[in-house]
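Each chain gets a letter, A, B and so on, in the order the sequences are listed, and its residues count up from 1. Since we're looking at a predicted model, the values are computed, not measured. Reckoned from all heavy atoms, side chains included, excluding hydrogens, waters and symmetry mates.
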Amino acid sequence: MAKTYDHKKIEKKWRKHWEEGGAYVTDESSSKPKQYVLDMFPYPSGLGLHTGHVEGYTATDIYARFKRMQGFNVLHPMGWDAFGLPAENYAIKTKTPPRETTNKAIDNFRNQIQSLGLSYDWSREVGTHNPDYYKWTQWFFLFLFENGLAEKRMGKVNWCPTDQTVLANEQTVSESGEKGVCVRCGTKIIQRELAQWFFKITDFADALVNDLDGVDWPESTKVNQRNWIGRSEGAEIDFSVAESRQKITVFTTRPDTIFGATYLVLAPEHPLISESINTTINRSEIEAYLEKNKDLKEIERTAEGREKTGVELKGIKAINPATKEEIPIWVADYVLGGYGTGAIMAVPAHDSRDFAFARKFDLPMKAVIIPEGNVDFELQHLLFEGTQESVTEYIIKTGAYGGTGILVGSKQFNAQKSETVKEKISILVAGRTKVTYRLRDWLISRQRYWGAPIPVVYDPEGKPHAIPKEHLPWLLPEDVEYLPKGTSPLGTSKELLERTEKIFGKGWKPEIDTMDTFVCSSWYFFRFSDPHNLEEFASKEAMQKWLPVDLYMGGAEHTVLHLMYARFITKALQKFGYVSFGEPFKALRHQGMILAEDGTKMSKSKGNVINPDEFVELYGADTVRIYEMFMGPLEAMKPWNTQNIIGSRRFLERVWRIQEKMSKEALLDANADSVLQQTIKKVGEDIQTLSLNTAVSQMMICLNSFEKEEHIPVSTYESFLRILAPFAPHITEELWQDLGHTGSIHTEGWPTFDPSKLEKNEIVIAVQLAGKVKGTVVIANKATEDEVVQLVRADAKLSLIVPEKPSRTIFVPGRIINFIP
RNA sequence: GCCGGAGUGGUGGAAUGGUAUACACGCACGACUCAAAAUCGUGUCUCGCAAGGGAUGAGGGUUCGAGUCCCUCCUCCGGCACCA
């Protein structure tokens, strides 16, 4: 009589039903509290959906469905990060327009996503490559430009000779960690000087660091963001040049070591070198050094393990403002021109880099800090009793000490703690406190075709002008030569040039670079709140209603930059009054990478890629969803195991079969009921914390206990189905309908549990002797310590082990009783 | 080197300081079957016939009691790394 579980029929039927009924279209009129549950939108690659997508999307789908059942109005959208290099490279190879391949890939992705039964509101779908979207990407460019947050300037840029484009610093590291290569093609990058557009993200450096304290993100991601920004607090100190009015300003985080600064080092780019080269006595040596190093890229200069090189500016000296002693000035490529002031005070006794340099060139060292806590008597003795030579000898032996401690050889600061005098010293010696950052401005120009055109035109003098907003979207031309020839493909479009001249006049030229695709993805979560708005990127009311995002899910691999840029855009909008908050993503979680069965990364070249479609076809979407959630902790990296999927399928088949035990009259056994109550409680808590693997296992435990029963009351089965519904939406909908319900199970409320039934009447507790388990006794749930002791004494085996008069008895209700002899 | 995170059966993995190995896969045996598959049942960390021991990367510590907390060390993963 009972139907068999035909996942193909069931899943197809309900997906059609949900789609036709608009089951997951967000209800804008609802007054329920909102919940914005967002996945990082994918790049629609031709390879299709991979197992990692399925994992993240299933987790947020379960969360979104759970929140709906809990009575929230949920916004759960999906879209496409559609501009980017693969489609363009494919176009170069095959002459197929990128729009064509991209749209095809999107259709494929959408089909795959829909086959998983994910409850997205497809009426809000966006694609960054569509003019009605990139119109607003261009609007953001103009918004930043008008407010002084976008500017064109010359910049040394990383240039990929193969892809013929500029790359951001962060795109010059290959996936295997190799530096100085194009992230896409692995070609060694070269450095070029070009006029480029920058977004001034550094204006927000402080807020980008500080506001991390207020968001619920994985700690490691916060650390990555902080590292990237690289905020460091220190001081700028002026060193005057002897017999000259020039001065050299250095940045240091350790002003407390200034008495140990025995020489200065300038970056090769430092302007003082050319200004004072005439007063040096080794001019040709210096020039030869600069010439030899001028083509070195920063990445090469900072390569791991590279031997430090440098040359002294002989004939000129600097004066240490603390000791008033003359110290040599060197040029060395280990000092970076683009960071701090491009000059440092070298303290070889207390900095390992300066130490290595001083050793190589036999420069003086002076120790001025000794570790606190009298750890090193030899050093202490030397500092107070020894000669400068003996101290130097000691340092050479032990290496630089970079920690904090007690000052010595520092005149009036002697015997004070290094931390407490830091600020005092920097002010007393012609300096001021200063904060610097590693973060650089965001270079957004790309010499590529498949991106949003930068909405700028140049007058006949070459001066840039913003394109007035009424001309947006500034369309991406189609009559282009894809194959780049060192200039941007847009430069080959006749239509674009004619369009520009027609609107702005003869001699005007369009900007031919496009925007970094990270610009497109830095604001899409705003658009989802109001995706069809023709007047604004999103209305203030819509953003007020839906944002910030309550839960944001995506892989950890490539998100440092995306998150940074999205936060930057949000802070810019906040500054100019568009939004009231400064952080776009309240809570962030990362799904872990799913590895191939052999425990290595899936890759096309290794041929070990798992295609989720295959398993959706074979076992059904519900099974794949359950399996991927059951594999292990969401955020953990875990290997795929095809053999294990069958367990998830069997679970659903048992859910299906147990309907045969249903009975309207039956009462649930108290113990089975208690398992059900625990399951309602635990699964709810687990979904909230996204511990979905243990949620699935709890449902399995619950089903196991039902299977021991003769009959299952209908209401019990209904509760169970409602708990399972977010995980396996199709099978539960079918079974729900079979129970005679006309409405969808997914509009039901989340079941409540009865706390009074959570506990079983009889429980097993462990009996310990001095902390070692010796056996168990079955006791009534509410049994007192005395009653438990009685039971233990009555037990034939335990009574022999437990001492007559224990010195102590520890009773933890419901857990253990421990007798200490 | 620095900063995160992790190390538990044959495998994926559970465990508010309270019976380590839940749940699942696999495997073995049994039932059903002419047979097989499917399904169901039993067993499955380790030494031991048993009674009992031992085991959560290694070693210490705190505690009545430690996978969990503290210290030292080892290994693996992720990130940063000449940023003064």
Exercise for the section: Look at the side-chain N and O atoms of A/R657 and state whether any lies under 4.0 Å from the OP1 or OP2 oxygen of B/U39. Expected result: no
Practice task
Quote, to the nearest angstrom, the P distance that separates B/A36 from B/A15.
Solution key: 40 Å
Exercise for the section: Using the C1' atom on both, measure B/G52 against B/A38 and round to a whole Å. Expected result: 43 Å
Exercise for the section: For A/T776, answer base if it contacts any base atom (sugar-phosphate contacts may also be present), sugar-phosphate if it contacts only those atoms, and nothing otherwise; contact means non-hydrogen atoms under 4.0 Å. Expected result: base
Practice task
Would you mind classifying the nucleic acid contact of A/K774 as base, sugar-phosphate or nothing, using non-hydrogen atoms under 4.0 angstrom?
Solution key: sugar-phosphate
Problem - Euclidean distance for P, B/A24 against B/G41 (whole angstrom) - result: 11 Å
Problem - Distance-only donor-acceptor check, side chains A/T784 and A/D786, under 3.5 Å - result: no
Fill in the blank from the handout: Among the nucleotides B/G12, B/U19, B/C23, whichever has the atom closest to the side chain of A/I816 is B/U19
Exercise for the section: Flag the pair A/F753 / A/T679 as yes when at least one side-chain heavy-atom distance between them is below 4.5 Å, and no otherwise. Expected result: no
Fill in the blank from the handout: Testing B/C82, B/G13, B/U19 for proximity to the side chain of A/K308, the answer is B/C82
Problem - Sugar-phosphate only, base, or nothing, as touched by A/R226 at under 4.0 Å among non-hydrogen atoms - result: nothing
Handout entry: Charged N-O contact under 4.0 Å between A/E628 and A/K638
Key = no
Handout entry: Complementary nucleotide for B/U19 - Watson-Crick or wobble, under 3.5 Å
Key = none
Problem - Interatomic distance, A/N644 CG vs B/C27 P [rounded to whole Å] - result: 11 Å
Handout entry: A/R815 vs B/A15: side-chain N/O to OP1/OP2 distance below 4.0 Å
Key = no
Practice task
Determine the contact category for A/P218: base if any of its heavy atoms lies under 4.0 Å from a base atom, sugar-phosphate if only primed atoms, P, OP1 or OP2 are that close, otherwise nothing.
Solution key: nothing
Practice task
Tell me which of A/T253 and A/A766 sits closer to the 5' end of RNA chain B, going by the nucleotide each one is nearest to.
Solution key: A/A766
Problem - Touch class at under 4.0 angstrom, heavy-atom based, for A/K222 against every strand present - result: nothing
Exercise for the section: Tell me what A/V223 touches on the nucleic acid: a base, only sugar-phosphate, or nothing, going by heavy atoms under 4.0 Å. Expected result: sugar-phosphate
Practice task
Syn or anti for B/G9, please, going by whether the chi angle lies within 90° of 0.
Solution key: syn
Problem - Options B/A14, B/G12, B/C23, nucleotide nearest the side-chain atoms of A/P633 - result: B/A14
Problem - Proximity to the side chain of A/S697 - top-ranked nucleotide from B/A81, B/A22, B/G13 - result: B/A22
Problem - P gap between B/G26 and B/G12, integer Å - result: 15 Å
Completion exercise
Out of B/C64, B/A15, B/A24, minimum distance to the side chain of A/M700 belongs to B/A24
Practice task
State whether A/K682 places a side-chain N or O below 4.0 Å from either non-bridging phosphate oxygen (OP1 or OP2) of B/A15.
Solution key: no
Fill in the blank from the handout: Quick note, A/V812 side chain, CB onward, closest among B/G13, B/C80, B/G18 is B/G18
Handout entry: Ion pair check, A/D354 and A/K308, cut-off under 4.0 Å
Key = no
Handout entry: Sugar-phosphate only, base, or nothing, as touched by A/D354 at under 4.0 Å among non-hydrogen atoms
Key = nothing
Practice task
Examine distances only and state if a side-chain atom of A/K222 and a backbone atom of A/V215 form a donor-acceptor pair shorter than 3.5 Å.
Solution key: yes
Problem - Residue-phosphate contact under 4.0 Å: A/N641 side-chain N/O, B/G13 OP1/OP2 - result: no
Practice task
For nucleotides B/C27 and B/A37, find the distance between their P atoms and express it as a whole number of Å.
Solution key: 11 Å
Problem - Nucleotide nearest A/R650 (side chain, heavy atoms from C-beta), chosen from B/C25, B/C64, B/A14 - result: B/C25
Exercise for the section: Report which part of the nucleic acid A/V764 touches: base, sugar-phosphate, or nothing (heavy-atom distance under 4.0 Å, all strands). Expected result: base
Fill in the blank from the handout: Applying the 3.5 Å cut-off to both distances, the Watson-Crick or G-U partner of B/A51 turns out to be none
Exercise for the section: Spell out yes or no: do the side chain of A/Q768 and the base of B/G18 have one donor N/O and one acceptor N/O closer than 3.5 Å? Expected result: yes
Practice task
Would you classify A/S232 as touching base, sugar-phosphate or nothing, given that sugar-phosphate means primed atoms plus P, OP1 and OP2, and contacts are heavy atoms under 4.0 Å?
Solution key: sugar-phosphate
Problem - A/D216/A/R589 ion pair, N-O < 4.0 Å - result: yes
Practice task
Using only side-chain N and O atoms of A/R654, determine if any of them is under 4.0 Å from OP1 or OP2 of B/U39.
Solution key: no
Practice task
Starting from C1' on B/G26, measure out to OH on A/Y627 and report it in whole angstrom.
Solution key: 13 Å
Exercise for the section: Report which part of the nucleic acid A/I646 touches: base, sugar-phosphate, or nothing (heavy-atom distance under 4.0 Å, all strands). Expected result: sugar-phosphate
Problem - Donor-acceptor pair present, A/N818 side chain and B/C64 base, under 3.5 Å - result: yes
Handout entry: Residue A/K638, side-chain atoms from C-beta onward, closest of B/G13, B/G26, B/U19
Key = B/G13
Practice task
Any strand is fair game: report the nucleotide pairing with B/C80 by Watson-Crick or G-U wobble, both distances under 3.5 Å, or none.
Solution key: B/G1
Exercise for the section: Could you tell me whether A/I820 contacts a base, only the sugar-phosphate backbone, or nothing, with contacts defined as non-hydrogen atoms closer than 4.0 Å? Expected result: sugar-phosphate
Practice task
Taking atom P in both B/A22 and B/U72, compute the distance separating them and give it to the nearest angstrom.
Solution key: 34 Å
Fill in the blank from the handout: When both distances are under 3.5 Å in a Watson-Crick or G-U wobble arrangement, the nucleotide paired with B/A31 is B/U39
Exercise for the section: List the steps, then state whether ring pair (Phe, Tyr, Trp, His ring centres under 6.0 Å) holds for A/F518 with A/W442. Expected result: CA-CA 10 Å; A/F518 274 115; A/W442 177 14; 7.3 Å; no
Practice task
Taking atom NZ of A/K360 as the centre, report whether more than 12 heavy atoms of other residues, nucleotides or ligands fall under 6.0 Å from it.
Solution key: yes
Fill in the blank from the handout: Scanning all shown strands, the Watson-Crick or wobble mate of B/U11 with both distances under 3.5 Å is B/A24
Handout entry: Distance test, side-chain N/O of A/Y339 to OP1/OP2 of B/A84, below 4.0 Å
Key = yes
Handout entry: Selected nucleotide, minimal atom distance to A/Y334 side chain, candidates B/A20, B/C82, B/G4
Key = B/C82
Exercise for the section: Taking only the side-chain nitrogens and oxygens of A/S352, find out if one of them lies under 4.0 Å from OP1 or OP2 of B/C82. Expected result: no
Problem - Nearest-angstrom distance, C1' atom, B/C25 to B/A35 - result: 27 Å
Practice task
Hey, can you tell me if A/W640 and A/F615 have their rings parallel, tilted or perpendicular (30° and 60° cut-offs)?
Solution key: tilted
Problem - A/E710 atom CD, over 12 foreign heavy atoms within 6.0 Å - result: no
Handout entry: A/L769 CG to B/G52 P, straight-line distance once rounded to whole Å
Key = 13 Å
Problem - Interatomic distance at P, B/G57 relative to B/G67, whole Å - result: 10 Å
Practice task
Pick base, sugar-phosphate or nothing for A/I810, based on heavy-atom distances below 4.0 Å to the nucleic acid.
Solution key: base
Exercise for the section: Report which part of the nucleic acid A/S220 touches: base, sugar-phosphate, or nothing (heavy-atom distance under 4.0 Å, all strands). Expected result: sugar-phosphate
